[in-house]
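Protein chains get the first letters and strands the later ones, always in sequence-line order, with residue 1 at the start of each. All heavy atoms count here, side chains included; hydrogens, waters and symmetry mates do not.
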Amino acid sequence: MDKPYQPEQLEIQWQTQWENKKRYRVTENVQQKKFYCLSMLPYPSGHLHMGHVRNYTIGDVISRYQRLLGKNVLQPMGWDAFGLPAENAALQHKIPPAKWTHENIAYMKDQLKRLGFSYDWDREVTTCNPDYYRWEQWFFIKLFEKGLVYKKNAIVNWDPVDKTVLANEQVIDGKGWRSGALVEQREIPQWFLKITHYADELLQDLNTLTGWPEQVRTMQKNWIGKSEGVLIKFKVNSSRDSITVFTTRADTIDGVSFIAVSPQHPFAQKLALKNKSLQDFIDQCKNVSTAEAAQAVLEKKGIDTGLQVIHPLTKKTIPVWIANYVLMDYGTGAVMGVPFSDERDREFAEIYHLPILEHGEIDLQKIIALLVKKRVAERKTQFRLRDWGVSRQRYWGTPIPIINCKKCGTVPVPEKDLPVLLPSDMNTPDEFYKTSCPSCGKSAMREKDTFDTFIESSWYYARYTSPHQDHAMLDGRADYWLPVDQYIGGIEHAVLHLLYARFFHKLMRDLKLIHSDEPFTNLLTQGMVLKDGAKMSKSLGNTVDPKTLIDKYGADTVRLFIIFAAPPELGLEWSDAGVDGASRFLKRLWTFAHTFPTITKPISADKARQQLHEILSQIQFDYERKQFNTVVSGAMKILNLLAESDKTIQIEGLSILLRILFPITPHICAELWQASKLGDDIEKTSWPLVDKSALESTTQQFIVQINGKMRGSIVAVKDASEDVLQKAIYADPNLQKFIDGKQLRKIIVVPNKLVNLVMGE
RNA sequence: GCCCAGGUGGCGAAAUUGGUAGACGCAAGGGACUUAAAAUCCCUCGGAGCUAAAACUCCAUGCCGGUUCGAUUCCGGCCCUGGGCACCA
């Protein structure tokens with residue numbers, strides 16, 4: 001009877017049993033309702049951190065809850081195994097990226113298993129393995145054949161000392177993180193995916209994603225940034241050339257006092273060939289990171305080209321400037337400067353003493369019609385979204401399956417030659433990339449670049465449905481499981497990853513690999529785990545290692561604490577003391593289930609049952625809205641209630657309690673279910689139902705407010721009328737002083753809840 | 001700079017989204033048990049005022065204003081913190 005709670009022993013015993021029985025392996029079953037629950041796959045950085053623990057605990061709670069509701073639940077796990085940190089580790093510790101990555105995966109997999117997550121490990125995906133990335137290469141070639149892929153020059157951060165391309169993250173205050181050298185923007189040829197071809201559909205379909213947080217939909221909408229405007233042509237007065245600008249505010253055209261072009265604008269480049277001061281200015285603009293944030297906070301700088309254009313309506317001449325705040329990537333890379341109504345233009349005009357011309361309110365549609373008629377403008381829909389550059393000048397990634405032939409140009413690797421394997425040596429000599437052109441047979445070179453790792457994470461959710469399939473990227477099983485019913489991951493992925501995955505889903509649909517429009521029906525964006533108000537990170541030295549906690553308290557306690565501490569979407573402040581509290585609750589539960597203490601003065605059975613089912617009803621509501629922290633509050637309330645109830649309530653209560661806690665703390669609940677002789681296997685039982693008859697009562701408490709302030713309460717019959725309530729209030733001695741000598745102006749009744757008397761003098 | 005969130009006791013939070021502000025837990029203080037400690041159990045616990053004590057009164061959900069019988073919740077303006085900004089994942 002006095003068996004102590006020993007979490008480690010019992011948890012490992014249950015985990016072994018689940019693994020041996022392959023309890024969480026699933027197959028397609030059309031008779032049963034499916035539920036695909038997916039957590040964002042981790043990057044194998046070394047150890048699990050608390051953010052992972054939180055993400056995967058939330059996913060496991062949802063999966064186990066859905067299983068108890070009778071669904072066929074798929075919950076897979078895998079590894080986003082390509083990426084920059086493996087290369088950094090290789091440089092630092094002289095370990096090959098592959099070795100480092102696979103060792104990390106082995107360690108982290110053990111940690112996941114020790115937390116008791118109900119994954120179907122038979123579907124594990126590791127993105128750096130050729131059986132995964134070969135299908136990515138195959139898919140890229142399909143897109144190439146469909147014309148959805150192209151190559152063009154694009155700008156990267158160049159470290160002139162280390163002679164390497166830098167990620168934005170590796171540029172600190174405009175300098176290379178290792179060399180400290182001033183970075184330079186450099187143009188190199190790169191591959192692009194035509195995501196802009198899907199811009200309209202990606203925007204429209206946001207309306208169908210009703211299971212997504214509104215804020216994520218808004219962020220994506222703004223990111224795609226559809227705007228209706230016009231292209232306006234400004235003729236150069238000294239030549240036949242013209243400069244075209246894009247604007248959504250054609251109605252401000254009277255206020256144009258200058259034209260500004262980006263330093264990368266072809267016009268600027270051309271003029272600079274013959275003008276050293278322009279060239280110097282353009283070169284100076286290159287010493288900045290390509291990150292938009294870095295460019296947006298730059299001090300505004302510009303240079304007059306000396307060129308003039310003609311205003312299409314007033315025919316006055318206007319100067320053309322090169323300005324560092326004009327982005328080449330948006331619109332035409334040239335803007336009309338309207339300092340009167342545009343803040344950035346005004347700032348620029350004030351620095352360089354350009355005129356600020358007032359303009360009146362003109363009807364936008366009328367002025368567009370006029371400009372179109374005069375043939376100086378045409379309507380244009382512009383997106384902020386740019387095509388996706390997928391080339392990376394890095395070793396540890398999926399090789400781009402393209403061969404560059406001097407005669408035939410870019411030629412895709414034939415399907416039969418896939419996969420193009422990544423060389424095992426990080427410093428592979430150029431000789432290795434020599435090959436022959438599949439088209440003409442002459443000697444040619446393979447692409448050395450690899451893919452952006454966002455490509456791997458854009459379709460892994462689909463690959464889980466077709467494990468071990470080595471004849472196709474996906475098979476018929478994909479349509480059984482997809483779309484994902486519940487996706488869980490950090491809010492930091494609100495735009496990039498989630499937009500790319502939506503894009504890939506539509507591409508796979510158009511290649512007839514799947515037959516749905518969107519990948520993720522419901523999305524939960526989990527908040528970060530913080531300590532002392534800051535994100536837990538190695539650089540801040542404020543990490544808490546899950547392993548130490550699991551060793552000390554057991555997996556159930558860690559899971560319970562992380563669920564209880566905050567609602568899933570909020571940031572979670574780490575607290576060591578809070579973990580003690582969670583552990584204490586499980587010990588109390590353990591002791592209670594083993595003793596069923598006799599209560600000398602139990603509360604009445606009717607009252608106890610009513611409370612029990614009221615709490616259960618709230619818990620049910622909270623599970624559905626995924627506010628799991630208050631599920632735990634409810635569970636604690638139930639245990640508190642059972643500690644002052646009689647035996648029958650205790651038995652019914654424990655049976656409910658173990659089932660509602662099982663998704664959160666599965667090991668202890670499975671154990672106590674057996675120990676309490678409630679049944680054989682808790683996972684084969686059904687979800688507890690609220691007994692509505694227990695909730696019924698004939699009387700009801702009403703809050704009494706006088707002029708909106710709470711002054712007391714009365715008890716009246718359920719659904720009592722206004723008259724009855726008013727009489728009861730006037731008869732209540734405690735409320736007399738608020739009523740005496742005052743006139744009742746109005747009475748407001750919220751049924752079965754509240755009465756507000758509006759009194760005057 | 002632009003886009004999106006968040007701000008409630010000493011702390012994490014709750015308030016079924018316009019109707020009792022602070023459920024549940026942590027920390028703290030007091031007590032019981034113990035030779036002692038740990039563990040466990042019981043009590044108190046937003047602030048101020050008034051009380052012998054209770055009752056009671058006022059203030060309080062980042063700041064300022066508005067709508068309403070009634071605002072943590074809705075509207076307008078500010079401040080602070082966090083996430084993203086296309087090569088971190």
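Counting any heavy atom pair closer than 4.0 Å across all strands shown, A/Y325 reaches no nucleic acid atom. Across all strands shown, A/L84 has heavy atoms under 4.0 Å from sugar-phosphate atoms exclusively, and none from any base. Residue A/E299 is out of contact with every strand shown, counting any heavy-atom pair closer than 4.0 Å. Nucleic acid contact for A/H497: none, since no nucleic acid atom lies under 4.0 Å from a heavy atom of the residue. Note on A/F738: only backbone sugar-phosphate atoms sit closer than 4.0 angstrom, heavy atoms only; bases stay farther off. Here A/L385 lies in heavy-atom contact (under 4.0 Å) with a base. Nucleic acid contact for A/A565: sugar-phosphate only, since backbone atoms but no base atoms lie under 4.0 Å from a heavy atom of the residue. Within the nucleic acid shown, A/Q618 comes within 4.0 Å of at least one base atom, counting heavy atoms only. When heavy atoms are screened at a 4.0 angstrom cut-off, A/V156 is found touching base atoms of the nucleic acid. At the heavy-atom level, A/A635 lies nowhere under 4.0 Å from the strands shown. Counting any heavy atom pair closer than 4.0 Å across all strands shown, A/R588 reaches sugar-phosphate atoms only and no base atom. Within the nucleic acid shown, A/M710 comes within 4.0 Å of at least one base atom, counting heavy atoms only. Among the protein residues, A/V750 comes within range of the nucleic acid bases, having at least one heavy atom under 4.0 Å from a base atom.
Listed candidates were B/rA14, B/rG19, B/rU57. Nearest to the side chain of A/P567 is B/rA14. Relative to the side chain of A/R711, the nucleotides B/rG1, B/rC24, B/rC58 differ in distance, and B/rC58 lies closest. Nearest to the side chain of A/E169, among B/rG25, B/rA21, B/rC88, sits B/rC88. Set against B/rC85, B/rG25, B/rC87, the side chain of A/F564 has B/rG25 as its closest nucleotide. Checking B/rC87, B/rG19, B/rA13 against the side-chain heavy atoms of A/D452 singles out B/rC87 as nearest. Among the nucleotides B/rC41, B/rA23, B/rC87, the one closest to the side chain of A/T630 is B/rA23. Of the candidates B/rC87, B/rA86, B/rG25, the closest approach to any side-chain atom of A/V165 belongs to B/rC87. In this structure, the nucleotide among B/rA15, B/rA89, B/rU20 sitting nearest to the side chain of A/Q701 is B/rU20. Of the candidate nucleotides B/rG19, B/rG82, B/rA89, B/rG82 has the atom lying nearest to any side-chain atom of A/M528. Side-chain atoms of A/Y43 lie closest to B/rA89 of the nucleotides B/rU20, B/rA89, B/rC87.
Anti is the classification of B/rG76, since its glycosidic angle lies more than 90° from 0.
Considering only side-chain N and O atoms, A/N629 lies nowhere under 4.0 angstrom from the phosphate OP1 or OP2 of B/rG12. For A/Q627, a side-chain nitrogen or oxygen approaches OP1 or OP2 of B/rA15 to under 4.0 Å. A close approach under 4.0 Å does occur between a side-chain nitrogen or oxygen of A/K709 and OP1 or OP2 of B/rC59. For B/rC26, one of the phosphate oxygens OP1 or OP2 lies less than 4.0 angstrom from a side-chain nitrogen or oxygen of A/R584. An OP1 or OP2 oxygen of B/rC87 is reached within less than 4.0 angstrom by a side-chain nitrogen or oxygen of A/R392. At least one side-chain nitrogen or oxygen of A/N640 sits closer than 4.0 Å to the OP1 or OP2 atom of B/rG25.
Residues A/K753 and A/W388 each lie close to RNA chain B; by heavy-atom proximity, the contact nearer the 5' end of the strand is made by A/K753. Looking at which nucleotide of RNA chain B each of A/A296 and A/S575 is closest to, the 5′-most match is held by A/A296.
Rounded to an integer number of Å, the gap from CZ of A/F192 to C1' of B/rA86 is 10 Å. In this structure, CZ of A/F621 is placed 13 Å from P of B/rA14, rounded to the nearest angstrom. Atom C1' of nucleotide B/rC24 and atom CG of A/L586 are separated by 15 Å, given to the nearest angstrom. Atom CG of A/D580 and atom P of B/rA28 are 11 Å apart (whole Å). As a whole-Å value, the separation of A/K737 NZ from B/rA55 P is 12 Å. The CG-C1' distance, from A/L523 to B/rG83, rounds to 14 Å in whole Å. One can place CZ of A/F451 at 20 Å from C1' of B/rC88, the figure rounded to the nearest angstrom. Atom pair A/I748:CD1 and B/rA71:P shows a separation of 12 Å (rounding to whole Å applied).
Within residues 212-224 of chain A, the residues approached by RNA chain B to less than 4.0 Å at the level of any non-hydrogen atom are A/Q215, A/T218, A/M219, A/N222, A/W223, in residue-number order.
Between A/R346 and A/E343 no salt bridge is recorded (no basic side-chain N to carboxylate O distance below 4.0 Å). Salt-bridge check for A/D387 with A/K194: failed, with every basic side-chain N at 4.0 Å or more from each acidic carboxylate O. A salt bridge does not link A/E569 to A/R625: none of the charged side-chain nitrogens sits closer than 4.0 Å to a carboxylate oxygen.
With no hydrogens or angles considered, a side-chain donor-acceptor pair links A/E456 and A/T398 at under 3.5 Å. A/R502 and A/Q220 share a donor-acceptor pair across their side chains, judged by distance under 3.5 Å alone. Donor-acceptor pairing under 3.5 Å is lacking for the side chains of A/Q382 and A/S227. For A/Y132 and A/W459, the side-chain atoms include at least one donor-acceptor pair closer than 3.5 Å.
If you check distances only, the side chain of A/Q705 never reaches the base of B/rC69 with a donor-acceptor pair under 3.5 Å. The base of B/rA14 does not come close enough to the side chain of A/S633 for any donor and acceptor atom to sit less than 3.5 Å apart. Side-chain atoms of A/E492 stay outside donor-acceptor range of the base of B/rG84, with no qualifying N/O pair under 3.5 Å.
When ring centroids are compared, A/F82 and A/W396 come within the 6.0 Å threshold. A/Y150 has its ring centre no less than 6.0 Å from the ring centre of A/W191. If you look at A/F383 and A/W223, their ring centroids are not closer than 6.0 Å. The six-membered or imidazole ring of A/F596 lies near that of A/F592, with a centre-to-centre distance under 6.0 Å.
Remark: the separation of the C1' atoms in B/rC74 and B/rA89 is 39 Å, to the nearest Å. For the C1' atom pair drawn from B/rU16 and B/rC11, the interatomic distance equals 26 Å after rounding to whole Å. Rounded to the nearest Å, the gap between the C1' atom of B/rC63 and that of B/rC80 is 10 Å.
A cation-pi contact, defined as under 6.0 Å to the ring centre and within 45° of the axis, is absent between A/K151 and A/F192.
Just one of A/T127, A/I400, A/I455 meets the side chain to side chain contact (heavy atoms under 4.5 Å, CB included) condition when paired with A/E136; it is A/I455.
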Handout entry: Watson-Crick or G-U pairs under 3.5 Å in RNA chain B, rendered as dot-bracket with [ ] for crossing pairs and | for another strand
Key = (((((((..(((......[....))).(((((.......))))).((((......))))..(((((..]....))))))))))))....

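Using the six-membered ring where Trp is involved, A/Y56 and A/H52 have ring planes that are parallel, under 30° apart on the 30 and 60° scheme.
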